[in-house]
2 protein chains.
Amino acid sequence: MSALHDHTHCIADALTRAEALCAERGARLTALRRRVLELVWSSHRPRGAYAILEDLSQQDGKAAAPLTVYRALEFLVEQGLVHRIESLNAYVGCADPGAVHSGQFLVCEGCGDAAEIDDPRVGTAIDAAAAERGFRVQRPTVEVRGLCKSCQENPR
Amino acid sequence: MSALHDHTHCIADALTRAEALCAERGARLTALRRRVLELVWSSHRPRGAYAILEDLSQQDGKAAAPLTVYRALEFLVEQGLVHRIESLNAYVGCADPGAVHSGQFLVCEGCGDAAEIDDPRVGTAIDAAAAERGFRVQRPTVEVRGLCKSCQENPR
DNA sequence: GGACATGACGTTACTTTATAACATCGTGCC
DNA sequence: GGCACGATGTTATAAAGTAACGTCATGTCC
């Protein structure tokens, strides 16, 4: 993600789509869950559960328990509104909830952004490789570490 | 991996190759590191650092510290002798050390085995997808969850 | 509208995974 | 032999995640 974009729009947009999707599915996007989703979306960088917890506690004044956040995250992941980045133990908002999720990410070592992509070639190649070995794919995970365009151009 | 194979051979083989590679590189495969490598290879299932630690402590009688194991694992991963499975927080022996590692795994939810593959189509697809977005790949991670052939045939 | 079922949230305690900081040991090199 | 450097030991602590159980809210059924 470019450093220059109207991120407020990203957040608002994500929340709107989440509301719509949950309403459609009869899933309960409670105030807490909405709040956690908002905090996950506070950047395009994957955020740890405890970072979110801290935000939550600061805003409310009262300290929330880890489980509070983990449960909300679990719900959001189940609904496909948030993805977990395994290699970072962190969570990031889904760019396109509702669509099929192949769970592919370009994770920048420079700025920390995780760009979600859905490249059919990658998905196809994984399916083919698995099929040849008689392996039934349930959940592919692709997390590519490297440097995003902007960080290559502006190294630190 | 099939449940029926001469696993002793796998271990011996892995150790032999590790010795050779380290000698070639001037890397020091100490007794401890060799030991940890052996324990990682005790199955084709990824093993957690603390599981290895436990084995180590049991065999030696004296309790080793976590850092002992983590440092050995760090060395082994650096040398490409062991891979870390991010989605499991666990480590597994590398099937083909010395070769280029694309870090692709088929992780079975049934038996827990992690089969390392190196499918050029997957690597190529990732490279292409990244290149189109101006992303410079440093370390791709592919961890596919699913069911291996044997577990599909013999469900529990 | 009240009893009930179900799911969401709170609380406490705990487990698992991982690292920091610093001391000591061991091996090779000159 | 003494030095340098990397490997290992030790202690303490951080970070990430879960179990068990209780309470509260929401909606449903009669």
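Proteins get letters first, then strands, A, B, ... in listed order; numbering begins at 1 in each.
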Starting at CD of B:E78 and ending at P of D:dG6, how long is that distance when rounded to a whole Å? 12 Å
May I ask you to test the B:L53-B:T68 pair for a side-chain heavy-atom distance under 4.5 Å? no
Find the distance A:Q79:CD to C:dG7:C1' and express it as a whole number of Å. 14 Å
Under 6.0 Å between ring centres, would you say that holds for B:H5 and B:H7? yes
How do B:L67 and B:R28 order along DNA chain D: which one's closest nucleotide is nearer the 5' end? B:R28
Rounded to the nearest 0.5 angstrom, the OG1-CZ distance for B:T141 and B:R84 is 10.0 Å
Tell me the interatomic distance from A:L53, atom CG, to D:dA15, atom C1', rounded to whole angstroms. 12 Å
Give a yes/no on whether any side-chain N or O of A:R33 is located under 4.0 angstrom from OP1 or OP2 of C:dC9. yes
Check ion pair B:R121-A:E132 (N to O, under 4.0 angstrom): yes
Pairs under 3.5 angstrom, nitrogen or oxygen only, protein versus nucleotides 15-18 of chain C, please.
| from | atom 1 | to | atom 2 | distance (Å) |
| --- | --- | --- | --- | --- |
| C:dA18 | OP1 | B:R84 | NH1 | 2.8 |
| C:dA18 | OP1 | B:R84 | NH2 | 2.7 |
| C:dA18 | OP2 | B:Y70 | OH | 2.9 |
| C:dA18 | O5' | B:Y70 | OH | 3.3 |
| C:dA18 | N7 | B:Y50 | OH | 2.5 |
| C:dA18 | N6 | B:Y50 | OH | 3.4 |

Are A:L147 and B:F135 in one and the same hydrophobic cluster, where Ile, Leu, Val, Met, Phe, Trp and Tyr link if side-chain heavy atoms are under 4.5 Å apart? no
Quickly work out the B:L29 CG to C:dT27 C1' distance and round it to whole Å. 16 Å
I need the CG-C1' distance between A:L56 and C:dT11, as an integer number of Å. 16 Å
Which nucleotide in the set D:dT11, C:dT11, D:dA7 lies at the smallest distance from any side-chain heavy atom of A:T68? C:dT11
Atom-to-atom span, CZ of A:R34 to P of C:dA8 - whole angstrom: 17 Å
Can we call the ring centroids of A:Y91 and A:H83 under 6.0 Å apart? no
Please confirm whether any donor atom in the side chain of A:R71 sits under 3.5 Å from an acceptor in the base of C:dG7, or the reverse. no
Provide, to the nearest angstrom, the distance between the CG atom belonging to B:L32 and the P atom belonging to D:dA7. 11 Å
Over all atoms of both residues, closest heavy-atom pair of B:G134 and A:Q152: O-NE2, 2.8 Å
